[in-house]
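One structure is given below, encoded as structure tokens.
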Amino acid sequence: MHRVAFNEQADLTNVVASESASKSMLTEYFKANQDHPWARHILYKDFPGSFTWQRTKYWKPRVERYQIGRIVSANPAEGERYHLRVILNHVAGKTSFEDMLTVDGILCGSFREAAERLGLIEADNTLDDCLTEVEQWAMPCSLRRLFATILVHCEPGDVRGLWDRHFEPMCDDYRRAHKCTNDVEKMVLLDIRGILQSMGKDIVDFALPCIDDEFDPTGGDAREVIEESTVEFDVNDTKLASSLNLEQRVAYDEILVAVDRSDGGVFFVDGPGGTGKTFLYRALLAKVRSKGNIAIAIATSGVAASIMPGGRTAHSRFKIPLSCDDGASCSFAKQSGTAKLLRMASLILWDEATMTKRQAVEALDNSMRDIMGRRDRPFGGKTVVFGGDFRQVLPVVTRGSGGQIIDATLRSSHLWKGMRQLRLVTNMRAHNDTWFADYLLRVGNGTEEAGDHGNIQLPKDICVPSTGEMNDIEKLIDHVFPSLDENMSDPNYMTCRAILSTTNDNVDNINLRMIDCFKGEEVIYHSFDSAEDDPYGYYAPEFLNGLTPNGLPPHALKLKLNFPVKLLRNIDPANGLCNGTRLVVRGFERNAIDAEIMIGQHAGRRVFLPRIPLCPSDNDMFPFKFKRKQFPLRLSFAMTINKAQGQTIPIVGVYLPNPVFSHGQLYVALSRATAKRNIKILIEKEKDKGKKQTNKSNKRKRPTLCLQRTMKNIVYKEVLTS
Ligand SMILES: Nc1ncnc2c1ncn2[C@@H]1O[C@H](COP(=O)(O)OP(=O)(O)OP(=O)(O)O)[C@@H](O)[C@H]1O
């Protein structure tokens, strides 16, 4: 498959028969791979970096000078030529066309089939394959959950076909106990309906068989009420009340008095990181729920929600508009299930409220006054408890000034004055290291003495020392992940450690290094990318493959067994699968990933994830609508500081190649640790940054890095003063 240039007058038979015509850059690339085993890891497009193309038609190993290569383009409409190119762009070391067509020992009939088998282009039946692969060894209940996930997140075209083809494996457990096929079908449908409801969807929106009302055990109750009234409370949590410290006890008693009186009350539990706010919430939730009453636990972020029993994000539970202005309301009606739930609830508990925009809280207040018919009482006279720490990260206001951020906080709300303040002051996370606890508080309050450039001094023993013998990042990695080889399959080892940094780029940098440190076979999942509104194919697939906007997984997702990963979407918040949930990879299929939840009340649960279509959250990022079909996962050896808020991480590394840039970031990073000895921080600075380039050749020199012991500490004091 190559082009031949020949003279107009030449005899075509001779042209075709000539040795020169049988050679092309591609056939000689195959030959070079046969002759030079060391070249077999080099992709075709990168070949000119190591070889030069000779006039006499062969690739000669390059002696010096690096060169960038180029590969002729092919449009998807060109069929086989395009698919050949897709394989060349992703697979190195091929030695013949036949070798290119051979995948897992099977000779494919076309490059399209080979690319499909390699997972480089999307097959027509990936969703069917996903279910079939998981059917081999998953329990029917896990299959039903995967089926519901596919309905909600994968945009299946033929829902009824999927149902028909996969019904049998989904009903295995029910069939063993029931003879009647009709009954079995209704039971499977009811289970799927429940799962869909927990994902915020209604089964009637999907082309599935109807459920007879006589089979409906819910008796027509609103799903929101059923969900919350059936949240199981951990019996151990009911015992937490006896180990509350004095400040927690005062708060606990005062809130419960308000709940028992049913006459309302709005509280704000104010405590620096680690003072046991979440511990207190668990005790409160268990107490109220153990009496058969409804306590709604919500949090601003998915991660914080997944730590609380029965926790949901505030936006999903109360249908708060994602961007709401002053005077907004939640988008549920007075007769809706959400309104019914709110009227029935004895307690509403909102964690990490300091991270939410005040307008979201005001929207809930507005709606509650309405549905309770008590416009004069905050939250319509319900007992509502907010909690958080203004020393930590505040609401995100895109490109907002300090003033705009402060104005967006709950503290600037008209509701703030009416909130009864309950203060926690004892750091229970670092209670064995009082020096560290005091130091953290000074950092959080902005009272730690700052030097000339507004930087604060970090304790010498928490900074990675620079010895010049080893790469400094590797020293940080060694501190956080010691003896990785022996511990890589231990979920406890993985759960209690992470490296934190400010930006996604820094985090990706660390995660990529960790891939090589981790033993085991690497599996690469490639995404299927498209520009939705580009019918003429102006945006080439490899251009789209090169994009990795915030919040999306990479085109080539590299995984190994037991890798820690984090979820990038709210797949099923009610069952612990929120944006930010930490998981461990336990198994691979071509179209499904088996993972185990690492933290929160659902820790230990196994879930199957399909590839799902994902779009960037910022619609204006590109001049086209970018869509990536990929597993919604990123590695989580390292994560951003903002994502770590709310989590206790006993062994923490902090990587700061550039200064922190927002209020509370340094404090959140440091305060995840339980003691000074469990945290290491690496602050790099370019040595000659700011100095003028004197190099005459004007070549950019590789920057030399030096380690620092000082760091900027951004604290908006206005938000901390009462
Ligand atoms: N009364 C207590 N007895 C024993 N341990 C406690 C108590 N209160 C809190 N802890 C422990 O202290 C640690 C920090 O508590 P918790 O996560 O509740 O703090 P937090 O205020 O929610 O922190 P953050 O603001 O960082 O989310 C946890 O490991 C928790 O189990």
Side-chain angles (χ1 to χ4, degrees), residues 234 236-253 255 267-287 297-309 311 349-356 385-394 410 421-434 436-437 439-441 443-445 492 495-498 500 580 582 599-601 603 639-652 654 663-675 678-679 719-720:
D234 187 340
N236 290 326
D237 284 359
T238 54
K239 298 176 194 151
L240 294 182
S242 59
S243 48
L244 295 173
N245 66 25
L246 200 65
E247 307 135 19
Q248 290 169 326
R249 185 84 222 178
V250 169
Y252 177 85
D253 289 341
I255 292 166
F267 301 90
F268 184 84
V269 179
D270 183 8
T275 47
K277 297 181 292 293
T278 314
F279 195 89
L280 168 67
Y281 307 148
R282 294 181 79 94
L284 284 166
L285 291 169
K287 180 73 183 172
I298 52 163
T300 306
S301 71
V303 178
S306 68
I307 294 170
M308 284 198 294
L349 214 157
W350 188 328
D351 190 19
E352 303 289 7
T354 45
M355 280 177 95
T356 201
V385 176
F386 294 93
D389 177 12
F390 286 105
R391 294 163 197 82
Q392 301 188 29
V393 175
L394 298 176
L410 184 57
Q421 301 289 315
L422 301 167
R423 289 188 208 286
L424 307 183
V425 289
T426 311
N427 191 327
M428 301 300 285
R429 186 177 284 140
H431 67 288
N432 287 326
D433 188 343
T434 46
F436 188 55
Y439 174 76
L440 286 179
L441 209 51
V443 173
N445 287 332
N492 292 331
T495 323
C496 66
R497 53 198 76 227
L500 311 179
R582 290 170 79 194
I599 51 165
Q601 54 163 333
M639 61 178 122
T640 58
I641 294 170
N642 292 28
K643 278 273 182 261
Q645 184 149 327
Q647 299 187 45
T648 298
I649 307 174
I651 316 280
V652 185
V654 185
H663 165 96
Q665 257 183 338
L666 184 62
Y667 172 67
V668 172
L670 298 177
S671 64
R672 296 310 91 201
T674 48
N678 294 333
I679 183 165
V719 87
L720 300 181

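Sequence positions, counted from 1, serve as the residue numbers for this chain. Atoms within a ligand are numbered from 1 in the order they appear, just like the ligands themselves.
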Subject >> Identity and distance of the protein heavy atom lying nearest atom 31 (O) of ligand 1 >> reply: Phe279 CD1, 3.7 Å
Subject >> Side chains of Glu247 and Thr426, donor plus acceptor under 3.5 Å >> reply: yes
Original post:
Of all the non-hydrogen atoms in the protein, which one sits nearest to atom 23 (O) of ligand 1, and at what distance?
Top reply: Gly274 N, 2.9 Å
**OP:** Could you label the plane-to-plane angle of the Phe268 and Phe390 rings as parallel, tilted or perpendicular, counting under 30° as parallel and over 60° as perpendicular?
**Re:** parallel
Original post:
Which of the atoms in ligand 1, numbered in the order shown and given with their element, are less than 4.0 Å from a heavy-atom of Ser243?
Top reply: 1 (N), 2 (C), 3 (N)
**OP:** Under 4.0 Å, heavy atoms only, figure out whether ligand 1 is touched by the backbone of Gln645, its side chain, both or neither.
**Re:** neither
Original post:
Which is closest to atom 25 (O) of ligand 1 in terms of heavy atoms, His431, Lys277, Arg672, Arg282?
Top reply: Lys277
Original post:
Of all heavy-atom pairs between Gln392 and Gly273, which one has the smallest distance, and what is that distance?
Top reply: NE2-CA, 3.3 Å
Original post:
Hey, does Asp389 sit under 4.0 Å from ligand 1 if you only count heavy atoms?
Top reply: no
Original post:
For ligand 1, which atoms sit closer than 4.0 Å to a heavy atom of Asn245?
Top reply: 1 (N)
Original post:
Under 4.5 Å between any side-chain heavy atoms of Leu284 and Tyr252, yes or no?
Top reply: yes
Original post:
Quick one: nearest non-hydrogen protein atom to atom 28 (C) of ligand 1, plus distance?
Top reply: Thr648 OG1, 4.2 Å
Original post:
Given Gly271, Ala241, Gly276, which has its nearest heavy atom closest to atom 16 (P) of ligand 1?
Top reply: Gly276
Original post:
Considering only protein heavy atoms, which is closest to atom 11 (C) of ligand 1, and at what distance to one decimal place?
Top reply: Met428 CB, 4.1 Å
Original post:
At what distance is the nearest protein heavy atom to atom 22 (O) of ligand 1, and which residue and atom is it?
Top reply: Thr278 OG1, 2.6 Å
